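First comes the structure, then the notes that go with it.
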Amino acid sequence: MERVVLITGANSGIGLALCERLLTEDSQLRLCLACRNMQRAEAARSALLTSHSNAHVDLLQLDVGSVKSVLSAAQEVKARYNRIDFLYLNAGIMPNPQLDLNAFFKGLFSRNVVRMFATAEGILTQQDRLNSDGLQEVFATNLFGHFLLIRELEPLLSRLVWTSSSNARPSAFSMEDMQHREGRESYSSSKYASDMLSLALNRQKNSQGLFSSVICPGLVMTNLTYGILPSFFWTLIMPVMWLIRIFTNTFTLTPHNGAEALHWLFLQNPESLDPRAKYHSLTSGLGTNYTQPRQMDIDEGTSDVLYSKLLELEKEVRRKRSEENAEEEICAVK
Ligand SMILES: NC(=O)C1=CN([C@@H]2O[C@H](COP(=O)(O)OP(=O)(O)OC[C@H]3O[C@@H](n4cnc5c(N)ncnc54)[C@H](OP(=O)(O)O)[C@@H]3O)[C@@H](O)[C@H]2O)C=CC1
Ligand SMILES: CC(C)CCC[C@@H](C)[C@H]1CC[C@H]2C3=CC[C@H]4[C@H](C)C(=O)CC[C@]4(C)[C@H]3CC[C@]12C
């Protein structure tokens, strides 16, 4: 039977590499690339068809950071497919990243150096902003848009896989400020929230046959990471990055390597997976890829609270959306 796999943020980086890997694994697959920019989506589709000429690759317009776009994309998915075997929640942003060089050089000579390179803890901040729905952009894109998509497609779904990060930290997240309006670590906060949401979804939905997992791709050179430093700087330090890679298995570096855990999960029986584990893509010094589960620092009660708060916010945005629809209809009649 043809399996249907929908991937958000599939037009570049880890998402695109995952598409390549899944088509190599199963040429009968129906892939749906959910992307906000259709030109980039078309380019990705052409690249996939160059290496897999008989592949079934569909495109779906989806801006996961916009409530209106998520709701209309979900309608389109329901019209097109009877079921989605895997939904990869991969799209993500890290806007206006700032590297604290002072903290970085201090970290270089501390006991935490390996941890710093694996998680960027204490050296990376972002500047977030409000989007047109009145939500914080990073929260809306990395977490809430995906949550709304899951809620819309729930009857069609059986497996969810989140591209989280080892940058996810409990101390960056606050339940009183789940959108991270106050702080400067919106990326870390949104990724920790996705870890919690995955656990909560497992607690609420496993009995109905829906399973959720989270992965960390390691440090991968993609548009997201290239945005952190000026491009000449990356060119300069690239040899150093490849050297560090020999000693640090989290430096997966290529999107193909980074997609290892996403691909591995595709091959696993969901009942055999640990809902409290984050599955890490790792690459050995000799270049061998493997997946390793690591326990997440997460409390079940807190993740249930987050789930309830997201349901409340969902109600609110749906109410706002229907008011806007009504206004648009009135304007159209006039
Ligand atoms: N690179 C790394 O080292 C790490 C990455 N990650 C995570 O991996 C995931 C993939 O990122 P990566 O491949 O690195 O980076 P890329 O920037 O290459 O990929 C991000 C993808 O998400 C898409 N996207 C962003 N915003 C939206 C939106 N509003 N609606 C729909 N699609 C959107 C982008 O589309 P567009 O081309 O239109 O911008 C792009 O296809 C992210 O969730 C990231 O947080 C986690 C840990 C480490
Ligand atoms: C000044 C240079 C000599 C070296 C600068 C290196 C930094 C730019 C990078 C060091 C650690 C990197 C990161 C670690 C974790 C990633 C995380 C898992 C993620 O989700 C996104 C990217 C990372 C934050 C990444 C970003 C670059 C570093 C900070």
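Order of listing sets the numbers, starting from 1, for every ligand and every atom in it. Given the structure is predicted, the values throughout are model-derived calculations rather than measurements.
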- Message: Would Ser165 count as being in polar contact with ligand 2, using the rule that some N or O on each side must be under 3.5 angstrom apart?
- Response: yes

- Query: If every non-hydrogen atom of Ser198 is compared with every non-hydrogen atom of Val214, which pair is closest and at what distance?
  - Reply: CB-CG1, 3.7 Å

- Task: Assess the side chains of Glu20 and Ser51: does a donor N or O sit below 3.5 Å from an acceptor N or O?
- Result: yes

- Which residue and heavy atom of the protein sit nearest atom 14 (O) of ligand 1, plus the separation: Thr222 OG1, 2.6 Å

- In this structure, are over 12 heavy atoms from other groups packed under 6.0 Å from Lys68 atom NZ? no

- Ligand-side contact atoms (ligand 1) for residue partner Thr163, heavy atom cut-off under 4.0 Å: 7 (C), 8 (O), 9 (C), 43 (O)

- Query: Does ligand 2 have any atom sitting under 4.0 Å from a heavy atom of Ala118?
  - Reply: yes

- Item | Shortest protein contact, atom 5 (C) of ligand 1 (heavy atom only) | Ile14 CD1, 3.8 Å

- Query: Atoms of ligand 1 less than 4.0 Å from Gly65 heavy atoms?
  - Reply: 29 (N)

- Item | Shortest reach to atom 26 (C) of ligand 2 by a heavy atom, considering only Val220, Ile228, Leu229 | Ile228

- Query: Between Pro217 and ligand 1, which residue portion shows a heavy-atom distance shorter than 4.0 Å: side chain, backbone, both, or neither?
  - Reply: side chain

- Report yes or no: do Asp63 and Ser69 form a side-chain donor-acceptor pair below 3.5 Å? no

- Message: Walk me through whether Glu25 and Arg21 qualify under salt bridge (charged side-chain N to carboxylate O under 4.0 Å, His left out).
- Response: CA-CA 6 Å; Glu25 181 67 46; Arg21 292 188 67 152; over 6 Å; no

- Query: Should the heavy atoms of other residues, nucleotides or ligands under 6.0 Å from CD of Glu271 be counted, would the total exceed 12?
  - Reply: yes

- Message: Testing the 3.5 Å rule here: is there a donor-acceptor pair between the side chains of Asp299 and Thr302?
- Response: yes

- Query: What is the nearest protein non-hydrogen atom to atom 11 (C) of ligand 2, stated with its residue, atom name and distance?
  - Reply: Phe117 O, 3.5 Å

- Message: If the test is side-chain contact (heavy atoms from CB on, under 4.5 Å), which one of Val77, Asp85, Leu31 qualifies with Leu6?
- Response: Val77

- Does a donor on one side chain and an acceptor on the other come within less than 3.5 Å for Asp128 and Gln179? no

- Lys78 atom NZ: more than 12 heavy-atom contacts under 6.0 Å: yes

- Under 4.0 Å from any heavy atom of Phe233, which atoms of ligand 2 are there? 1 (C), 2 (C)

- 4.0 Å protein heavy-atom contact status of atom 28 (C) of ligand 2, strictly under: no

- Item | Closest approach of Leu306 to Met196 (non-hydrogen atoms, all atoms of both residues) | CD2-CB, 3.8 Å

- Task: List the closest protein heavy-atom neighbour of atom 3 (O) of ligand 1: residue, atom name, distance to the nearest 0.1 Å.
- Result: Val220 N, 2.8 Å

- Message: Give me the residue, atom name and distance of the protein heavy atom closest to atom 35 (O) of ligand 1.
- Response: Asn11 OD1, 3.4 Å

- ligand 1-proximal atoms of Met221, by part, heavy-atom distance under 4.0 Å: neither

- Do me a favour and list the nearest non-hydrogen protein atom to atom 4 (C) of ligand 2 with residue, atom name and distance? Phe104 CZ, 3.5 Å

- For Leu62, the ligand 1 atoms whose distance to one of its heavy atoms is below 4.0 Å: 30 (N), 31 (C)

- Item | Is_contact(atom 9 (C) of ligand 2), protein non-hydrogen, under 4.0 Å | no

- Run the numbers for me: atoms of ligand 1, each under 4.0 Å from some heavy atom of Leu224, listed by number. 14 (O), 15 (O), 17 (O), 44 (C), 45 (O)

- Query: Applying a 4.0 Å heavy-atom criterion (strictly less than), which segment of Asp63 is in contact with ligand 1: side chain, backbone, both, or neither?
  - Reply: both

- Item | Which segment of Val240 sits under 4.0 Å of ligand 2 when only heavy atoms are counted | neither

- Task: Taking atom CZ of Arg30 as the centre, report whether more than 12 heavy atoms of other residues, nucleotides or ligands fall under 6.0 Å from it.
- Result: yes

- Task: Determine yes or no for a side-chain-to-main-chain donor-acceptor pair under 3.5 angstrom, with Thr225 supplying the side chain and Val220 the backbone.
- Result: yes

- Note on the structure: re atom 39 (O) of ligand 1, the protein heavy-atom contact at minimum distance is Arg36 NH2, 2.8 Å

- Counting from 1, what ligand 2 atoms have a heavy atom of Leu124 closer than 4.0 Å? 24 (C)

- Task: Can you see which heavy atom on Gln268 is nearest to which on Leu273, and at what distance?
- Result: CB-CD2, 4.0 Å

- Message: Quick test: of every protein heavy atom, which one is nearest to atom 48 (C) of ligand 1, and how far off is it to 0.1 Å?
- Response: Gly218 O, 3.1 Å

- Closest protein heavy atom to atom 24 (N) of ligand 1, given as residue, atom name and distance to 0.1 Å: Ala91 CB, 3.8 Å

- Message: Please give me the minimum heavy-atom distance between Met241 and Leu219, naming the atom from each residue.
- Response: CE-CD2, 3.6 Å

- Task: Using a 4.0 Å heavy-atom threshold (strictly under), name the region of Asn90 that reaches ligand 1: side chain, backbone, both or neither.
- Result: both

- Query: Hey, which atoms in ligand 1 end up nearer than 4.0 Å to a heavy atom of Gly9?
  - Reply: 21 (C), 22 (O), 23 (C), 41 (O)

- Query: For ligand 1, is there an atom lying under 4.0 Å from some heavy atom of Ser166?
  - Reply: no

- Query: Tell me, which protein residue and heavy-atom name are nearest atom 30 (N) of ligand 1, and how many Å apart are they?
  - Reply: Val64 N, 2.9 Å

- Closest non-hydrogen contact found for Gln127 with Asn96 is O-ND2, 3.0 Å

- Tyr226 reachable from Leu236 in the ILVMFWY side-chain graph, under 4.5 Å edges: yes

- ligand 1 to Tyr187, heavy atom cutoff 4.0 Å, flagged ligand atoms 6 (N), 7 (C), 44 (C), 45 (O), 46 (C), 47 (C)

- Are Asn289 and Thr283 close enough that a side-chain donor and a side-chain acceptor fall under 3.5 Å? yes

- Item | Ligand-residue contact atoms, ligand 1 with Ser164, heavy atoms, under 4.0 Å | 46 (C), 47 (C)

- Message: Which option wins on minimum heavy-atom distance to atom 20 (C) of ligand 1: Gly13, Gly92, Ala10, Ala44?
- Response: Gly92

- Message: If we set the cut-off at 4.0 Å for heavy atoms, which region of Arg40 has an atom near ligand 1: side chain, backbone, both, or neither?
- Response: side chain

- Message: Give me the residue, atom name and distance of the protein heavy atom closest to atom 22 (C) of ligand 2.
- Response: Thr225 CG2, 3.8 Å

- Item | Close N or O approach (Tyr187, ligand 2; < 3.5 Å) | yes

- Item | Taking every non-hydrogen atom, the tightest pair across Ser171 and Arg169 | OG-NH1, 2.6 Å

- Task: Indicate yes or no: at least one non-hydrogen side-chain atom of Gln126 is less than 4.5 angstrom from one of Val138.
- Result: no

- Got Arg294 and Leu282 here, is their nearest side-chain heavy-atom distance under 4.5 Å? yes

- Tell me which protein heavy atom sits closest to atom 16 (C) of ligand 2, plus the residue, atom name and distance to 0.1 Å. Leu219 CD1, 4.4 Å

- When you look for heavy atoms under 4.0 Å from ligand 1, do you find them on the side chain of Thr141, its backbone, both, or neither? side chain

- Would you say Ser165 has any N or O atom under 3.5 Å from an N or O of ligand 1, going by distance alone? no

- Message: Can you name the atoms of ligand 1, numbered from 1 with element, that are less than 4.0 Å from a heavy atom of Ser12?
- Response: 16 (P), 18 (O), 19 (O), 40 (C), 41 (O)

